[in-house]
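What follows is one structure encoded as structure tokens, with my remarks underneath.
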Protein chains: 2
Amino acid sequence: MKKFPQKTVTRTLLYVRTLDNLLEQGKKFVSSWELAEITDLTDVQIRKDISNFGRVGRPRLGYEIRKLKSILEEYVLQHTVHVVLFGVGNLGSAIIRYPGFHNEKIKMVAAFDVDKKKVGKKIRDVKIYSFDEATKVVPKTHAEIGIIAVPAEHSQETADIIVASGLRGIVNFTPTTINVPKDVFVKNIDLSIEFLSLFCDIQRT
Amino acid sequence: MKKFPQKTVTRTLLYVRTLDNLLEQGKKFVSSWELAEITDLTDVQIRKDISNFGRVGRPRLGYEIRKLKSILEEYVLQHTVHVVLFGVGNLGSAIIRYPGFHNEKIKMVAAFDVDKKKVGKKIRDVKIYSFDEATKVVPKTHAEIGIIAVPAEHSQETADIIVASGLRGIVNFTPTTINVPKDVFVKNIDLSIEFLSLFCDIQRT
DNA sequence: ATTTAATTGTGAAATTAATAACGATTGTGG
DNA sequence: CCACAATCGTTATTAATTTCACAATTAAAT
Ligand SMILES: NC(=O)c1ccc[n+]([C@@H]2O[C@H](COP(=O)([O-])OP(=O)(O)OC[C@H]3O[C@@H](n4cnc5c(N)ncnc54)[C@H](O)[C@@H]3O)[C@@H](O)[C@H]2O)c1
Ligand SMILES: NC(=O)c1ccc[n+]([C@@H]2O[C@H](COP(=O)([O-])OP(=O)(O)OC[C@H]3O[C@@H](n4cnc5c(N)ncnc54)[C@H](O)[C@@H]3O)[C@@H](O)[C@H]2O)c1
């Protein structure tokens with residue numbers, strides 16, 4: 001896999017999502033300008049991003065949606081991502097029920113909780129295991145990413161279990177920074193910070 | 001409010017969160033190096049960010065935590081942010097119950113749903129109103145930010161209601177791009193894209 | 001009082017990302 | 001078949017951000 005600007009990767013995933021929608025609407029071609037309208041970016045930005053993946057557009061017509069989508073996916077979506085969830089509380093339950101995590105792109109394959117009342121249950125075909133079973137169960141699921149949705153004070157021990165289970169990616173919803181070996185990638189999603197930074201944007205105008 | 005690099009603002013909010021924790025632990029001083037360890041950034045980055053707000057550190061000792069915190073907050077946390085929620089489903093219910101949205105920094109003040117069974121109920125002291133009441137209720141709450149947590153196909157109409165209610169900020173959890181006037185700020189949180197981009201990071205190593 | 005070592009603060013360099021400018025291509029209509 | 005206008009793709013330019021190098025400061029040790 002060649003390496004592209006990090007931002008390009010994120011936007012490319014947005015393009016794929018958009019192209020999916022356009023396909024559903026029965027459209028065949030789309031121009032960089034139209035994509036810019038939909039995604040709230042600029043047409044130049046979009047052409048620049050796409051140019052990373054080769055010459056795929058046709059002057060006067062734009063991009064053939066199906067073709068563009070398949071080329072982009074080749075670079076950013078080689079195969080299904082399998083995720084496991086740690087902490088089936090308020091947030092975890094919502095995530096486990098999210099249809100966006102039960103499709104051909106992302107599949108949730110197992111969940112873990114310390115609460116004995118939850119262990120053994122199933123939500124949306126996802127079985128809930130005890131935390132102790134993680135290092136044994138996770139490898140069998142072929143998961144690549146673990147989600148941390150436990151109380152903040154247990155985020156580090158959960159991260160340790162995730163690492164011990166062999167996962168290389170973590171999405172951390174707790175408002176804490178976790179320590180992991182440097183070959184493990186962490187994406188922190190701190191909702192409070194998102195809201196506060198948006199508020200700063202508003203104030204500064 | 002002066003304007004600082006956008007990235008600096010986000011990190012500053014992270015520093016404030018970290019300083020809060022250190023204070024709770026009873027610490028008095030912290031060095032840029034220690035902050036770097038905790039936040040997983042570099043010490044230079046941290047000093048550079050802080051230098052935007054004046055000379056606050058002391059060589060040989062580091063930063064006095066209480067003082068640093070109060071200076072940073074002066075720039076990024078003038079007062080409580082009030083938020084209202086649209087869509088009290090799986091995700092919305094989790095958010096409404098999140099303690100992080102019921103403190104002196106962020107306060108959820110109202111929720112809205114079209115489901116008659118939910119309207120009139122209360123979760124965590126937050127009353128659920130009907131969508132029709134939004135333009136009347138929201139202004140009374142002094143809210144600044146609206147959250148979109150309705151099914152994706154209703155995101156645009158919800159955005160329209162939020163704008164009509166006079167809010168200048170939107171946090172959009174649906175996997176769609178919404179159209180709003182240019183003086184309204186939108187923060188899109190697309191979990192699927194977060195997961196997929198993390199997966200790209202993993203693959204590229 | 002002087003030295004030393006740790007630590008901050010900052011201008012300059014390097015990197016990364018976005019924007020602009022413009023040439024190249026090609027479907028369309030005459 | 002030719003001119004035209006729309007659209008892509010690429011190179012150059014500018015802007016934002018991070019990293020580097022090092023001077024300035026000062027608490028602590030002697
Ligand atoms: N609720 C939200 O909308 C929201 C939003 C942003 C961030 N968060 C963060 O997500 C995390 C979970 O939030 P929540 O509202 O779902 O909390 P919750 O208390 O509802 O759920 C926590 C779950 O983790 C399990 N758990 C408890 N102790 C555990 C341990 N030691 N190890 C493993 N699992 C344990 C509990 O059994 C429970 O099922 C918290 O850190 C919170 O700060 C929540
Ligand atoms: N569940 C998750 O963890 C999750 C994660 C990421 C994104 N999302 C997105 O968040 C949104 C909500 O997800 P969810 O799982 O809570 O869905 P949900 O179906 O559980 O909840 C949707 C809520 O919105 C209300 N609603 C329905 N139609 C409405 C309308 N026209 N106007 C206003 N409200 C309406 C419903 O009554 C319901 O309470 C979706 O767009 C989803 O894609 C959800």
Side-chain angles (χ1 to χ4, degrees), chain A residues 2-15 18-19 22 27-72 75-76 182 197 200-201 204, chain B residues 2-15 18-19 22 27-69 71-72 75-76 182 193 197 200-201 204:
Chain A
K2 280 182 291 183
K3 74 170 197 297
F4 311 101
Q6 171 59 47
K7 297 283 191 82
T8 295
V9 172
T10 318
R11 284 192 299 266
T12 298
L13 290 162
L14 177 61
Y15 303 152
T18 307
L19 295 172
L22 291 172
K27 277 199 68 151
K28 291 277 186 289
F29 283 85
V30 67
S31 69
S32 57
W33 187 87
E34 288 175 285
L35 279 177
E37 275 294 294
I38 300 173
T39 58
D40 221 20
L41 300 167
T42 71
D43 55 341
V44 186
Q45 178 80 81
I46 285 169
R47 286 201 299 280
K48 183 111 204 192
D49 283 336
I50 293 175
S51 74
N52 280 294
F53 309 104
R55 316 188 74 157
V56 36
R58 293 179 40 187
R60 248 347 255 263
L61 286 184
Y63 301 93
E64 200 209 322
I65 296 178
R66 194 174 301 277
K67 179 175 163 195
L68 176 57
K69 175 166 122 79
S70 94
I71 286 177
L72 299 185
Y75 289 96
V76 297
K182 62 184 174 316
S197 83
C200 285
D201 292 345
R204 279 193 300 179
Chain B
K2 281 184 292 183
K3 73 169 198 297
F4 310 101
Q6 170 61 46
K7 297 283 191 79
T8 296
V9 171
T10 319
R11 282 191 300 265
T12 298
L13 290 162
L14 177 61
Y15 303 152
T18 307
L19 295 172
L22 291 172
K27 278 200 65 151
K28 291 276 185 288
F29 283 85
V30 68
S31 70
S32 56
W33 187 87
E34 287 174 285
L35 279 175
E37 274 295 291
I38 300 173
T39 59
D40 221 21
L41 300 167
T42 70
D43 55 341
V44 186
Q45 178 81 82
I46 285 168
R47 288 200 299 279
K48 188 94 184 175
D49 283 336
I50 293 176
S51 74
N52 280 294
F53 308 105
R55 312 187 72 145
V56 36
R58 291 176 42 184
R60 228 22 232 261
L61 283 184
Y63 302 92
E64 199 209 323
I65 296 178
R66 196 175 301 277
K67 179 175 164 195
L68 176 57
K69 174 168 124 82
I71 286 178
L72 298 185
Y75 288 97
V76 297
K182 63 183 171 318
I193 288 181
S197 83
C200 284
D201 292 345
R204 277 193 297 180

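Please read these numbers as outputs of a predicted model, since none were measured by experiment.
Residue contacts shown for A/Ser32 are limited to sugar-phosphate atoms, with no base heavy atom under 4.0 Å away.
For B/Leu61 and C/dA5, the CG to C1' distance is 13 Å, given to the nearest whole Å. In this entry the distance linking CD of A/Gln45 with C1' of D/dA16 reads 13 Å, nearest Å. A/Gln6 places its CD atom 8 Å from the P atom of C/dA17, with the value rounded to the nearest Å. Whole-Å rounding puts the A/Tyr15 OH to D/dC8 P distance at 12 Å. Distance A/Asp43 CG to D/dC8 P: 8 Å, rounded to the nearest Å. For the pair A/Leu68 CG and D/dC8 C1', the interatomic distance rounds to 12 Å; values are reported in whole Å. As a whole-Å value, the separation of A/Leu41 CG from C/dA20 C1' is 17 Å. Rounded to a whole Å, the CD1 atom of A/Ile46 is 15 Å from the P atom of C/dA20.
For A/Arg47 against D/dG9, a side-chain N or O and a base N or O form a donor-acceptor pair under 3.5 Å. Between the side chain of B/Lys48 and the base of D/dT18 there is no donor-acceptor pair of N/O atoms closer than 3.5 Å. Remark: the B/Arg60 side chain and the C/dA6 base include no donor-acceptor N/O pair separated by less than 3.5 Å.
Between A/Arg11 and C/dA18, a side-chain N or O to OP1/OP2 separation shorter than 4.0 Å is present. Phosphate proximity of D/dT7 to A/Ser31: absent, as no side-chain N or O sits under 4.0 Å from OP1 or OP2. Neither OP1 nor OP2 of C/dT8 sits under 4.0 Å from any side-chain N or O of B/Arg55.
For B/Lys28, the NZ atom counts as loosely surrounded, since its 6.0 Å shell holds 12 or fewer non-hydrogen atoms of other residues, nucleotides or ligands.
Here the side chain of A/Asp49 pairs no donor or acceptor atom with the backbone of A/Ile46 at under 3.5 angstrom.
Residues B/Tyr63 and A/Pro59 both approach DNA chain C. Their nearest nucleotides, taken by heavy-atom distance, put B/Tyr63 toward the 5′ side.
Across all non-hydrogen atoms, the minimal contact from A/Cys200 to B/Val76 is SG-O, 3.5 Å. Here the closest heavy-atom approach between residue B/Tyr63 and residue B/Arg47 is recorded as OH-CG, 3.5 Å.
B/Phe53 and B/Tyr75 have tilted rings, their planes meeting at an angle from 30° to 60° on a 0 to 90° scale.
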